[in-house]
Amino acid sequence: MSPSHGPDLDARSRRLLRALIGQYLTDGEPVGSRTLSKSSGLDVSPATIRNIMADLEESGLVASPHTSAGRIPTPRGLRLFVDSLLELRPLTGEDLARLRQQLPPTPNSSLDLFNSTSSLLSAMTHFVGLVTVPRHSDFSLRHIDFVPLEGARVLVILVFADNQVQNRVVQLSEPLSAGALEQAANYLNSEFAGLRLDEIRTRLLAELKAAGHELNELLSNAVELASASFAPQAEADMVLSGQTNLMGYQELSDLDRLRELFEAFQRKRDLMQLLDVCAKAPGVRLFIGEESGYAALDGCSVVTATYGTEGRVLGTVGVIGPTRMAYDRVIPVVQATAGLLGDALNRVTATL
């Protein structure tokens, strides 16, 4: 979870910091020394607590809002809390069963699953739910068809293992007859169905090399069609749900901040870059405030987990909410949802 090296704290300071952050996460108000002396269970005077709080403030772990004598945790304090003081609450079997029931048992395609997962995360946490959508080329090819168009143009119909269908129009060097296109499609379907597009390209190039001077018309046509049809496409996309949930949190109620956030959701580019970074490190990742590197997310925390099939990471699920969130509950929900999405995708693609 991107641990950081915080200052060394003695047991008493750690206990007070944990109590302060626990109280703050519950009610969102600055926490005073009198409240802390009751909630921490420590048998020390309010003056001692004030001294410890002053030390924590000097270390950059808590801060005093101008309007209050109490203190709130800084992003650095929250990071120390999550890394070393937080006790996660694992989901029970009942919780997992409830999560599983919210996902469609027989989705028409992976896109149905991604939309349902994003909505589920938003509903469970009351934050923004997000799921990155893999490129088509991350899934194996189920079937390919070629339809001749005018001149040397061909409509390519690709059906992937996740039931997604993609149509592409490609330009060949010269026209091919409907019969030649059908032969090429039959060859590609019989030899390469079940492989990803990059794997098909590699295998075709190997066959082309092996054929040498004996290159036949069918292989030649198949190679040209595959090269044009399997060219890398646009970057992966993402599905967002529950953006308006953030309007209900006092910490994010500033209109300029909300506008910046919603523009980031609309653009997606910066968010996609952040989630691409998360996908490169399997497991749970957490960015608190400015740790994300994007100004629009400075007042937010981002919790993500990777999902995939057959040991391959395909993307990221996660939530975006205020830094004041119940991390002990949100992190297990995100982690469990990533696992359930991977299981569901395995079922969708297993029908190949």
Side-chain angles (χ1 to χ4, degrees), residues 1-7 9 17-18 20-22 24-25 28-31 53 55-68 70-86 121 125-130 132 238 240 242-243 245-281 283-306 316-328 330-331 334:
M1 278 183 287
S2 310
S4 62
H5 299 289
L9 300 178
L17 182 62
R18 182 193 279 128
L20 181 145
I21 293 178
Y24 173 75
L25 293 180
E29 298 294 329
V31 184
M53 285 296 105
D55 290 342
L56 291 175
E57 189 164 354
E58 200 174 314
S59 299
L61 299 173
V62 299
S64 303
H66 298 303
T67 54
S68 167
R71 288 176 173 86
I72 62 172
T74 63
R76 191 177 177 205
L78 287 171
R79 167 54 66 190
L80 179 67
F81 171 75
V82 169
D83 286 348
S84 57
L85 304 176
L86 180 68
L121 282 166
T125 62
H126 306 295
F127 300 143
V128 178
L130 54 91
T132 61
M238 68 188 298
L240 289 163
Q243 294 94 313
N245 285 343
L246 298 187
M247 296 171 73
Y249 293 95
Q250 187 182 342
E251 305 93 308
L252 302 173
S253 59
D254 178 75
L255 281 179
D256 289 336
R257 180 183 288 282
L258 274 175
R259 190 179 298 113
E260 199 176 355
L261 256 178
F262 277 78
E263 283 173 2
F265 293 149
Q266 204 167 3
R267 278 197 313 271
K268 293 186 180 179
R269 189 188 65 235
D270 290 347
L271 272 178
M272 283 300 305
Q273 287 178 348
L274 179 65
L275 297 174
D276 280 346
V277 169
C278 297
K280 287 170 185 160
V284 175
R285 297 289 299 273
L286 168 63
F287 299 90
I288 301 172
E290 60 196 29
E291 290 177 354
S292 70
Y294 297 106
L297 296 175
D298 277 359
C300 299
S301 284
V302 183
V303 183
T304 71
T306 50
T316 308
V317 306
V319 297
I320 298 173
T323 54
R324 184 175 72 86
M325 67 168 65
Y327 295 97
D328 60 336
V330 172
I331 291 169
V334 171

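- Closest approach of P73 to L20, counting heavy atoms only: CD-CD2, 3.8 Å.
- The two residues L252 and G299 make their nearest non-hydrogen contact at CD2-O, 3.6 Å.
- Of the possible polar contacts, one joining the T125 side chain to the F127 backbone as a donor-acceptor pair under 3.5 Å is found.
- Between F81 and L17 there is no side-chain heavy-atom pair separated by less than 4.5 Å.
- Contact annotation: the side chain of R285 never approaches that of T316 to less than 4.5 Å [non-hydrogen atoms, C-beta and beyond].
- One N or O on the side chain of R18 and one on the backbone of L85 form a donor-acceptor pair closer than 3.5 Å.
- Across all their heavy atoms, R71 and P65 have their closest contact at CA-CD, 4.4 Å.
- Partners of T74 under the side chain to side chain contact (heavy atoms under 4.5 Å, CB included) rule, at least two apart in sequence or in another chain, are A63, R76.
- Annotation: the span from Y327 atom OH to I21 atom CD1 amounts to 9.0 Å, rounded to 0.5 Å.
- One finds the CZ atom of R324 at 8.0 Å from the CD atom of Q250 (value rounded to the nearest 0.5 Å).
- T323 and E251 share no side-chain donor-acceptor pair at under 3.5 Å.
- The shortest side-chain heavy-atom distance between I331 and L86 falls under the 4.5 Å cut-off.
- Residues D298 and E290 share a closest heavy-atom pair of OD1-CA, 3.5 Å.
- Atoms CG and CD, from L258 and Q243 in turn, are 12.0 Å apart once rounded to the nearest 0.5 Å.
- Two residues are said to be in side-chain contact when any heavy atoms from C-beta on lie closer than 4.5 Å; R79 and L286 meet this criterion.
- At least one donor-acceptor pair closer than 3.5 Å links the side chain of T306 to the backbone N or O of G283.
- Taken to the nearest 0.5 Å, the CE atom of M238 stands 9.0 Å off from the CG atom of L274.
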Would you sort out whether L78 and L25 count as a side-chain contact (heavy atoms from CB on, under 4.5 Å), showing the intermediate values?
CA-CA 10 Å; L78 287 171; L25 293 180; 4.3 Å; yes

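- Pairing each heavy atom of I320 with each of L297, the nearest pair is CG2-CD2, 4.1 Å.
- Of all heavy-atom pairs between D254 and R257, the closest is OD2-N, 2.9 Å.
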